[in-house]
Structures are given as structure tokens and as C-alpha cells.
Amino acid sequence: MERVYITGSKGMLGRALAPLFADECEVLATDLPESDIRDRKLIEEEIRDFKPDQVIHLASLTDVDRCQLEPEAARETNALGTRNVALACRKTGAAMTYLSTGMIYNGRKVEPYVESDPPDPINVYGRSKYEGEKAVRELLDRYYIFNTCWLFGGGAEDKKFVARTLKQARDKTELKMVNDTFGSPTYTRDLARALRAVIGTSHYGRFFCVNKGCVNRFQIASEILRIAGIKNCRLIPVSSAEFPLPAPRPRMEALRNQNLEALGFDLMRGWKEALEDYITSTLL
Ligand SMILES: NC(=O)c1ccc[n+]([C@@H]2O[C@H](COP(=O)([O-])OP(=O)(O)OC[C@H]3O[C@@H](n4cnc5c(N)ncnc54)[C@H](OP(=O)(O)O)[C@@H]3O)[C@@H](O)[C@H]2O)c1
């Protein structure tokens, strides 16, 4: 039976992913406060003692604006913490999975990014995640790096864009939605299934993994309202300049799963179908 060690297991993706391995593998699902990836010695001991075949590293500071305001904290967790996990994998011979982001790009491309595009992050979060990618590639031969984008999921515990928009649209008659930044909305359940299919195979490398599409928040909100049958809330398209945030956002962070497609491993459906599935099965 394969042994699987997971960091950040209580996060949005971790809650969808851990159960998929639990059936067939011996899983050690870790998170703060007990297993802090910034503590190199502790992580090394935990991984050495558990002897995993696979280490799935999801732990991260994911609040992009907090990262911008606290760059040292972002670096400690996303860059150095990832390095600590990679070092422990190197010592024990475990294969490592790392989750990265479309925010490693400057966003100037007019169409979705593919794996061969050169990274050029424009904010602290993107830089710290890219540093993490470099550490994994430098220290290990057997790794899977998955770059993903605009995750949604979580059901009852969802406080992010989809659940928030649904709630606001029920309470208000008008909502402003940004229409000049683009991403690929991705359902954590679909992403978890895709990871489950690749991890443990000999197809090591770097893969973009998103639900198919390239859309802005206005388009996503329109679809949320359609799925929920909300008719008395008007959506107003606005520029991102109307909502200034500490961290600059790339105009484009949508991705295309080119490497998974080439392997015949692209299980990801379109974003609209995934969003409808999520909302109707868990939020309505
Ligand atoms: N969410 C997205 O839209 C998105 C997009 C692209 C890529 N990703 C990547 O996908 C991965 C999973 O994302 P997610 O949305 O599931 O993140 P999440 O919900 O924020 O979960 C991250 C988990 O990591 C934990 N954590 C933070 N610092 C830690 C530390 N020092 N040691 C151990 N655990 C720590 C967090 O604990 P606390 O909650 O207690 O801080 C949380 O449980 C991350 O690597 C993220 O960068 C996410």
C-alpha cells in the first residue's frame, strides 16, 4: 500500500484531495499548527518517520494581498517552506507534488499560458510560489508540479468568490464585477481527481491543470446568477481600477493544460459545467 504524506490538508484543495487517497493508501494528512513547513527539522523528522512514497505539498500562504504586505512571511512559507519539504523528500527518496499558480506570469499574454511560457511574476505571492517551483526542480528528479488557477469549492465552508457572490446577489439589487482580468476557474473536486490520476505514475514533470476556459469575474458572476435562478440583481461590469488592492494582479492568468493533453491525461471539463455541478450539488 502506498504511503502518502499531505501538507496543508485542511485547506480548500486538501479537503477535496485527502479522501481520494484515503481509500487505497496509508495517508498522513498534516497542517498547522502541528506541522509547520517553516520548521525544517520537524518536517524532515515527520517525513523520515512516516516513510511516504508520495509527499503532496499543498500548504501555502494563499492570501495574495497579505503576501504583498508581508513579503517575508510569504517567502518563509511559500519559498523556504517548499524548499524544506523538497529537502526532506530528497533525503527519504519520496516523490513530491507541488501546487503552483498562474500568477507566476506577468499577464501580458493575450491568450492562456502554456507550460513553455517563461515565468515573470509581478507580485510577491507569484514570486514566492515561483521560488518554490525552482526549489522543487533543483532538488528533485521525481516531482509533479501542478499550476492551477482561481480555485472554487469547499461547500458549506466556502467564503470565497462563488459563495460570496451568491450571497451578495441574494441580498442586493446591484453588484459591480471586474471584467478586465482573466483566469481559469477550477473546481477543487475536478483538480483533486486529476491529481489522483497522475500522482504515482511515471509521468513526472510540470503540468497546468485547470477547468477549461478563460473568463473574467463578470462572466463568472453572470453564470452564478443564471445557475441559481437569481433575476433581481443587476451585474455591472467595471475595471479592476475601481477596486484597488495591495497586490497587483496579472491581466491574464488563465492556463491551458497542454502537457496533460499531450499525455492523454486531461480529465478537466469546461468551467461552466464544473461551476454548475458545484453550485447545484453543494450550495443550493
Ligand atoms: N486557491 C486558489 O485559487 C489557488 C490558485 C492557484 C494555486 N493554488 C495553490 O494550491 C494550493 C492549495 O490551495 P488552497 O486554496 O487549498 O489553499 P488554502 O485553502 O489557503 O489552504 C492552505 C493550507 O495551508 C496551511 N498553511 C499555511 N501556512 C502553513 C505552514 N507554514 N505550515 C503548514 N501549513 C500551512 C493553511 O493553514 P491556515 O489556514 O491555518 O493558514 C491551510 O490549511 C496552494 O499551494 C496554493 O498556492 C491555489
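Order of listing sets the numbers, starting from 1, for every ligand and every atom in it.
- Considering only non-hydrogen protein atoms, atom 9 (C) of ligand 1 sits nearest to Leu99 CB, 4.0 Å.
- Ser9 and Asp31 are not linked by any side-chain donor-acceptor pair at a separation below 3.5 angstrom, with hydrogens and angles left out of the test.
- Side-chain heavy atoms closer than 4.5 Å link hydrophobic residues (I, L, V, M, F, W, Y) into clusters, and following such links, even through other members, never connects Leu267 to Leu195.
- Checked by distance only, ligand 1 and Cys149 stay at 3.5 Å or farther apart across all their nitrogen or oxygen atoms.
- In terms of N/O distances under 3.5 Å, ligand 1 is not approached by Gly14.
- Regarding atom 45 (O) of ligand 1, its nearest protein heavy-atom neighbour is Lys129 NZ, 2.8 Å.
- No continuous path of hydrophobic side-chain contacts links Ile145 to Leu151 [ILVMFWY only; heavy atoms under 4.5 Å].
- With Tyr113 as reference, Tyr105 is the one residue of Phe182, Phe208, Tyr105 to meet the ring-ring contact (aromatic ring centres under 6.0 Å, His included) rule.
- For ligand 1 and Ala59, the ligand atoms under 4.0 Å from any heavy atom of the residue are 24 (O), 33 (C), 34 (N), 35 (C).
- Neither the backbone nor the side chain of Met103 comes within contact range of ligand 1; no heavy atom lies under 4.0 Å.
- Distances between N or O atoms of Thr101 and those of ligand 1 include no value under 3.5 Å.
- Judged purely by distance below 3.5 Å, without hydrogens or angles, the side chains of Ser60 and Asn78 pair a donor atom with an acceptor atom.
- For atom 39 (O) of ligand 1, the nearest protein heavy atom is 4.0 Å or more away.
- Proximity of a side-chain donor or acceptor of Arg249 to a complementary backbone N or O of Ala247 within less than 3.5 Å is detected.
- Evaluation of the ring-ring contact (aromatic ring centres under 6.0 Å, His included) rule for Tyr144 yields Tyr204 as partners, not counting sequence neighbours.
- Remark: ligand 1 and Thr148 share no N or O pair separated by less than 3.5 Å (distance only, no angle test).
- Judged purely by atom type and a 3.5 angstrom limit, Arg206 has no side-chain atom pairing as donor or acceptor with the backbone of Asn147.
- Looking at Thr77, Asp63, Leu13, Ile43, it is Leu13 that brings a heavy atom closest to atom 16 (O) of ligand 1.
- Proximity to Ser35 (heavy-atom distance under 4.0 Å) selects the following atoms of ligand 1: 32 (N), 33 (C).
- The cationic group of Arg189 does not satisfy the cation-pi geometry with Tyr278, failing either the under 6.0 Å distance to the six-membered ring centre or the 45° limit from the ring axis.
- With a heavy-atom cut-off of 4.0 Å, Tyr125 touches ligand 1 through its side chain alone.
- Shortest contact from atom 21 (O) of ligand 1 to any protein heavy atom: Gly11 CA, 3.2 Å.
- The heavy atom nearest to atom 25 (C) of ligand 1, considering only Asp31, Leu191, Leu58, is found in Asp31.
- For ligand 1, none of its N or O atoms has an N or O atom of Lys160 under 3.5 Å away.
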Show me the donor-acceptor pairs, under 3.5 Å and distance only, between side chains in residues 12-28 and residues at least two apart or in other chains.
from	atom 1	to	atom 2	distance (Å)
Arg15	NE	Lys10	O	3.0
Arg15	NE	Gly11	O	3.4
Glu24	OE1	Arg196	NH2	3.3

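- In summary, the side chains of Glu46 and Thr30 do not present any donor paired with an acceptor at a separation below 3.5 Å, with no hydrogens or angles considered.
- Taking only nitrogen or oxygen atoms, main chain and side chain alike, Thr62 reaches within less than 3.5 Å of ligand 1.
- Using a 4.0 Å cut-off between heavy atoms, Asp36 contacts ligand 1 through both its backbone and its side chain.
- Any N or O atom pair closer than 3.5 Å counts here, and Leu61 shares no such pair with ligand 1.
- Residue contacts with ligand 1 leave out Gly102, since none of its heavy atoms falls under 4.0 Å from the ligand.
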Tyr98 vs Cys89, side-chain contact (heavy atoms from CB on, under 4.5 Å): CA-CA, chis, key distance, verdict: CA-CA 12 Å; Tyr98 173 57; Cys89 290; over 6 Å; no
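- Shortest contact from atom 19 (O) of ligand 1 to any protein heavy atom: Met12 N, 2.9 Å.
- Of all the heavy atoms of Ser100, the ones lying under 4.0 Å from any atom of ligand 1 belong exclusively to the backbone.
- For atom 3 (O) of ligand 1, the closest heavy atom belonging to the protein is Leu151 N, 2.9 Å.
- For a threshold of 3.5 Å applied to N or O pairs, the pair formed by Ile37 and ligand 1 contains at least one separation below that value.
- Residue Gly8 has at least one heavy-atom neighbour below 4.0 Å for each of these atoms of ligand 1: 23 (C), 24 (O).
- Residue-level proximity to ligand 1 for Tyr98 is absent, since no heavy atom of it falls below 4.0 angstrom.
- The nearest heavy-atom contact from the protein to atom 22 (C) of ligand 1 is Ser60 O, 3.8 Å.
- Within the structure, ligand 1 lacks Gly81 among the residues with a heavy atom less than 4.0 angstrom away.
- Looking at Val210, Val215, Val162 one by one, the single match for side chain to side chain contact (heavy atoms under 4.5 Å, CB included) with Pro185 turns out to be Val215.
- Among Leu80, Thr82, Ile104, Leu32, the residue whose heavy atom lies nearest to atom 41 (O) of ligand 1 is Leu32.
- Between Arg38 and Thr77 there is a side-chain heavy-atom pair separated by less than 4.5 Å.
- Ile43 and Phe50 fall within a single hydrophobic cluster, where Ile, Leu, Val, Met, Phe, Trp and Tyr side chains are chained together by heavy-atom contacts under 4.5 Å.
- The pair Arg256-Glu111 does not count as a salt bridge, with every side-chain nitrogen at least 4.0 angstrom from each carboxylate oxygen.
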